[in-house]
Engineer: 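Can you read through this structure? Questions will come right after.
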Amino acid sequence: MASPVTSITQIGRHDGETVTLRGWLYNLRESGKLLFPIFRDGSGVIQGVVAKNAVAPEVFETVKHLTLESSVIVTGKVRADKRAPGGYEMDVESVEVVQKVPTEDPFPISLKEHGVDFLMEHRHLWVRTPRQAAILRIRAEIENAAREFFNERDFVLTDPPILTPAACEGTSTLFEVDYFNDPAFLTQSGQLYIEATAMALGKVYSFGPTFRAEKSKTRRHLTEFWMVEPEVAFLELDGLMELAEQFITHIVKRVLERRRADLVTIERDVATLEKIEAPFPRISYDEAVKMLQEGHAKGELEQKFEYGGDLGSPDETYLSNKFDRPVMVHRYPAKVKAFYMEPDPQDPSKALCVDVLAPEGYGEIIGGSQRIGSYEKLAQRIKEHELPEEAFKWYLDLRKYGGVPHAGFGMGIERAVAWICGLEHVRETIPFARTLTRIYP
RNA sequence: UCCUCAGUAGCUCAAUGGCAGAGCAUCCGGCUGUUAACCGGAGGGUUGUAGGUUCGAGUCCUACCUGAGGAGCCA
C-alpha cells in the first residue's frame with residue numbers, strides 16, 4: 001500500500017502519518033548508528049532520521065552511502081520535533097534512489113562559500129541552493145504581481161516583436177542578427193510598438209526580454225534582461241508618475257504578503273520594504289542638481305555635477321540615499337533623453353519624463369515619459385537625431401491618424417528584483433544571466 | 001573603450017626569492033541527536049600562458065589570456 005506523496009511545505013498536515021517525498025539529498029550528517037539525511041524537494045527542506053536498529057540493514061547502508069544531490073523517493077513517518085528548524089522531521093522507513101550522483105564526480109557546489117566565477121560557471125546547479133531558489137521564487141512573485149496590477153486595471157497585454165528592423169531609440173548598441181541576408185536587430189525596448197497598440201486598445205502593456213550590446217560591466221547590467229512596459233492613451237506625466245508609484249507599491253506589498261519566508265531566507269531587511277508606500281517624493285531635475293551640488297560642496301559626493309548632463313550612477317545613488325522610498329526625478333534636459341519625449345510646455349528645453357530611483361543605491365528601476373504628440377515636432381526630432389526616416393514612417397503615422405497625448409514607462413525586472421531582494425548584483429535575479437563575459441551555461 | 005584588483009588541489013584560501021600547505025569536498029575508520037556536526041587516516045598540484053632576471057621563481061620583471069569591481073552608456 002503506497003503512502004501519500006506530499007511536498008515538504010505541506011508536511012505539517014501529515015504529522016504522525018507515513019508519507020512519501022520526492023526530491024534530492026541536500027546534506028548528510030552521521031553520528032555512529034544514526035544518519036541525518038536532509039532532503040529538499042523544491043518547496044523546502046526537511047531532515048530525515050535513520051536509526052540503524054530501526055530500519056532494514058540495506059536501507060541504512062543505502063542512505064549512509066548516498067551522495068549529495070542524488071535524487072530519491074523517501075518514505076517515512078512525519079514527526080513534530082522542537083529541534084527541527086522547520087518544526088518537523090521524518091523517520092525514514094524506505095528509500096528509493098532514482099539516480100545516484102557518482103562518488104568519483106561529486107556535486108560541485110558544497111555548503112561552503114564559493115567564488116562568483118565558479119558559481120556562475122555552475123549556474124545550472126547553483127539554482128538548487130536554498131538562497132538562489134528563494135530569489136527565483138521572489139522574482140516569479142514580482143512578475144506575477146506586475147501582470148496582476150495591469151490586468152486588474154484593464155490593461156491589455158500586447159507582445160511587441162523581438163526582431164526589429166532598426167534601433168528603437170537610436171542610441172544603444174544593439175545585437176545584430178542575419179534576417180534572410182538583411183540586417184535585423186534584437187529589440188532594446190517594445191515601447192514604440194506598444195505606442196501603436198495603445199492607440200488601438202487604450203491601455204496596454206508588454207512584458208518580455210530586451211537586449212543591449214553595450215559593453216557595460218557592472219552589478220546593474222545584463223545584456224539580456226526583462227522589461228515590463230505600460231503605455232496609456234490620454235495619459236500625461238503627472239498621471240504616469242501616479243501609475244508608477246502605485247505599480248511599485250503593489251509589487252512590494254505582494255512580495256511581503258506572499259514571499260515573506262523567502263525574504264527571511266535571503267536575510268532581506270523586511271522593515272525597509274514595509275516603508276514603501278505612495279506617494280513617492282517627486283523632485284525635478286533642477287532640484288536634483290541643486291541637491292547634488294550641495295552634496296559636492298559638503299564633500300559627500302566626489303564628482304562635481306555639471307548642470308545639463310544626465311545623472312551618473314554615483315549621482316543616482318547619492319539622491320536615492322536621501323529618501324526611504326523610491327524617488328521620482330522628473331523633467332530632465334531634453335537633449336540627454338530620447339528623441340520621442342514630449343517637451344515641457346513651461347520650458348521646452350526640458351522633457352516630460354521621469355526616472356524612478358530605487359532606495360539603498362539600486363539606481364534607476366523605471367524610466368518613462370510622455371511621448372511627443374505632434375507629427376511635425378516628432379518628424380523634426382527624428383531629423384535632428386539623424387535617425388533613418390524610412391524606418392520611422394509607421395511611428396510617425398501614429399501622430400497622423402488620431403494622435404493623442406500618451407505616456408508610458410519601462411521597469412527593468414532584474415533591477416527591481418535586486419532591490420527588493422537586497423542583492424549585490426543583478427546576475428542572481430535571473431535564472432541564467434547573460435553578461436558581457438558570459439553566455440554559458 | 002578606460003581605470004583598479006585578482007588568478008596556487010574539485011572548492012575557499014595560505015606559503016620573507018630557499019622542501020607546495022590547510023580547511024571543505026571525495027574515499028576508509030570512529031561516535032545513538034547531528035545542525036556548514038565532530039575526531040582519526042588516505043588519495044588529490046603543468047602555481048592562468050609565454051618569455052626573462054637569478055645558484056634557485058608560486059613569489060621579482062615584460063607581454064598576453066581569463067575573471068571581478070568601477071567609469072562611461074543604460075533598465
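None of these values were measured; they are calculated from a predicted model.
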Engineer: Ring centroid separation for Tyr307(A) and Tyr285(A), is it under 6.0 angstrom?
Structural biologist: yes
Engineer: Over all strands shown, is Arg79(A) touching base, sugar-phosphate only, or nothing at heavy-atom distances under 4.0 angstrom?
Structural biologist: base
Engineer: Using Watson-Crick or G-U wobble geometry with both distances under 3.5 Å, which nucleotide pairs with U49(B)?
Structural biologist: A63(B)
Engineer: Going by ring centres under 5.5 Å and near-parallel planes (under 30°), is Phe36(A) stacked on G33(B)?
Structural biologist: no
Engineer: When we call it a touch if two heavy atoms are under 4.0 Å apart, what does Ile366(A) touch: a base, just sugar-phosphate, or nothing?
Structural biologist: sugar-phosphate
Engineer: Could you check which nucleotide pairs with A14(B) in any of the strands shown, counting Watson-Crick or G-U wobble with both distances under 3.5 Å?
Structural biologist: none
Engineer: Can you tell me, in whole Å, how much space there is between the C1' of U47(B) and that of C13(B)?
Structural biologist: 13 Å
Engineer: Using a cut-off of 4.0 Å on non-hydrogen atoms, how would the nucleic acid contact of Asn27(A) be classed: base, sugar-phosphate, or nothing?
Structural biologist: sugar-phosphate
Engineer: How far does the P atom of G67(B) sit from the matching atom of U12(B), given to the nearest Å?
Structural biologist: 16 Å
Engineer: If we take the P atom in both A71(B) and C27(B), what is their distance in whole Å?
Structural biologist: 45 Å
Engineer: With a 3.5 angstrom cut-off on both distances, give the Watson-Crick or G-U wobble partner of G40(B), or none if there isn't one.
Structural biologist: C28(B)
Engineer: What's the closest nucleotide to the Thr437(A) side chain, out of U34(B), U1(B), G67(B)?
Structural biologist: G67(B)
Engineer: For Phe149(A), is the NZ or CZ atom of Arg153(A) found under 6.0 angstrom from the centre of its six-membered ring and inside 45 degrees of the ring axis?
Structural biologist: yes
Engineer: Can you tell me how far P of A68(B) sits from CG of Asp117(A), to the nearest Å?
Structural biologist: 6 Å
Engineer: Measure from the side-chain heavy atoms of Glu30(A) and tell me the nearest of A25(B), A75(B), C31(B).
Structural biologist: C31(B)
Engineer: Ignoring backbone atoms, establish whether Thr218(A) has a side-chain N or O less than 4.0 Å from OP1 or OP2 of G69(B).
Structural biologist: no
Engineer: For atom C1', what is the distance between A22(B) and G41(B), given to the nearest Å?
Structural biologist: 16 Å
Engineer: For RNA chain B, which residues in residues 86-98 of chain A have a heavy atom at a distance below 4.0 Å?
Structural biologist: Glu89(A)
Engineer: Donor-acceptor pair under 3.5 Å: do we get one between Ser216(A)'s side chain and the base of C74(B)?
Structural biologist: no
Engineer: Any N or O donor-acceptor pair under 3.5 Å from the base of U32(B) to the side chain of Asn53(A)?
Structural biologist: yes
Engineer: In whole angstrom, give me the gap between the C1' atoms of C2(B) and U59(B).
Structural biologist: 29 Å
Engineer: Looking only at N and O atoms, is any donor in the side chain of Gln47(A) or the base of U34(B) less than 3.5 Å from an acceptor on the other one?
Structural biologist: yes
Engineer: If I pick the P atom on A15(B) and the same atom on A25(B), what distance separates them, to the nearest angstrom?
Structural biologist: 24 Å
Engineer: For G56(B), what is the paired nucleotide under Watson-Crick or G-U wobble rules, both distances under 3.5 Å?
Structural biologist: none
Engineer: Looking only at atom C1', what distance separates C61(B) and U54(B), rounded to whole Å?
Structural biologist: 12 Å
Engineer: Could you identify which residues of residues 425-432 of chain A place a heavy atom less than 4.0 Å from some atom of RNA chain B, listed by residue number, or say none?
Structural biologist: His425(A), Arg427(A)
Engineer: Which one is paired to U1(B), where only Watson-Crick or G-U wobble pairs with both distances under 3.5 angstrom count?
Structural biologist: A71(B)
Engineer: What class does the angle between the rings of Tyr395(A) and Phe392(A) fall in, given that below 30° is parallel, 30 to 60° is tilted and above 60° is perpendicular?
Structural biologist: perpendicular
Engineer: Got a salt bridge between Arg282(A) and Asp238(A), using NZ or NE/NH1/NH2 to carboxylate O under 4.0 Å?
Structural biologist: no
Engineer: Among U32(B), U1(B), U26(B), which nucleotide has an atom closest to any side-chain atom of Ser31(A)?
Structural biologist: U32(B)
Engineer: Does a side-chain N or O from Arg219(A) land closer than 4.0 Å to OP1 or OP2 of C74(B), or not?
Structural biologist: no
Engineer: Indicate, yes or no, whether a donor-acceptor pair under 3.5 Å links the base of C74(B) to the side chain of Gln188(A).
Structural biologist: no
Engineer: Select from Asp310(A) and Arg438(A) the residue whose nearest nucleotide in RNA chain B is closer to the 5' end of that strand.
Structural biologist: Arg438(A)
Engineer: Using 30° and 60° as the class limits, which term best fits the ring planes of Phe207(A) and Trp226(A): parallel, tilted or perpendicular?
Structural biologist: tilted
Engineer: Below 4.0 angstrom from OP1 or OP2 of A71(B), is there any side-chain N or O of Ser313(A)?
Structural biologist: yes
Engineer: Quiz question: going by heavy-atom distance under 3.5 Å, is there a donor-acceptor pair between the base of A68(B) and the side chain of Lys217(A)?
Structural biologist: yes
Engineer: Report yes or no: does Asp262(A) contribute a side-chain atom to a donor-acceptor pair with the main-chain N or O of Ile138(A) at less than 3.5 Å?
Structural biologist: no
Engineer: Tell me which of Leu28(A) and His65(A) sits closer to the 5' end of RNA chain B, going by the nucleotide each one is nearest to.
Structural biologist: His65(A)
Engineer: Check whether any side-chain N or O of Arg131(A) sits under 3.5 Å from a backbone N or O of Thr265(A) as a donor-acceptor pair, and report yes or no.
Structural biologist: no
Engineer: In whole angstroms, how far is the C1' atom of A71(B) from the CG atom of Asp315(A)?
Structural biologist: 12 Å
Engineer: Is the backbone of Ser7(A) close enough, under 3.5 Å, to the side chain of Gln10(A) for a donor and an acceptor to pair up by distance?
Structural biologist: no
Engineer: Within the side chain of Thr9(A), is there an N or O that forms a donor-acceptor pair under 3.5 Å with the backbone of Ser43(A)?
Structural biologist: no
Engineer: Hey, is the main chain of Val255(A) close enough, under 3.5 Å, to the side chain of Glu141(A) for a donor-acceptor pair?
Structural biologist: no
Engineer: With hydrogens left out and only the distance checked, is there a donor-acceptor pair under 3.5 Å joining His114(A)'s side chain and the base of C11(B)?
Structural biologist: no
Engineer: With rounding to the nearest 0.5 angstrom, report the CG to CH2 distance, Leu68(A) to Trp24(A).
Structural biologist: 14.5 Å
Engineer: Searching all strands shown, indicate the nucleotide that pairs with C19(B) (Watson-Crick or G-U wobble; both distances under 3.5 Å).
Structural biologist: none
Engineer: If I pick the P atom on U8(B) and the same atom on C3(B), what distance separates them, to the nearest angstrom?
Structural biologist: 24 Å
Engineer: Would you please classify the geometry between the Phe155(A) ring and the Phe150(A) ring as parallel, tilted or perpendicular, with 30° and 60° separating the classes?
Structural biologist: tilted
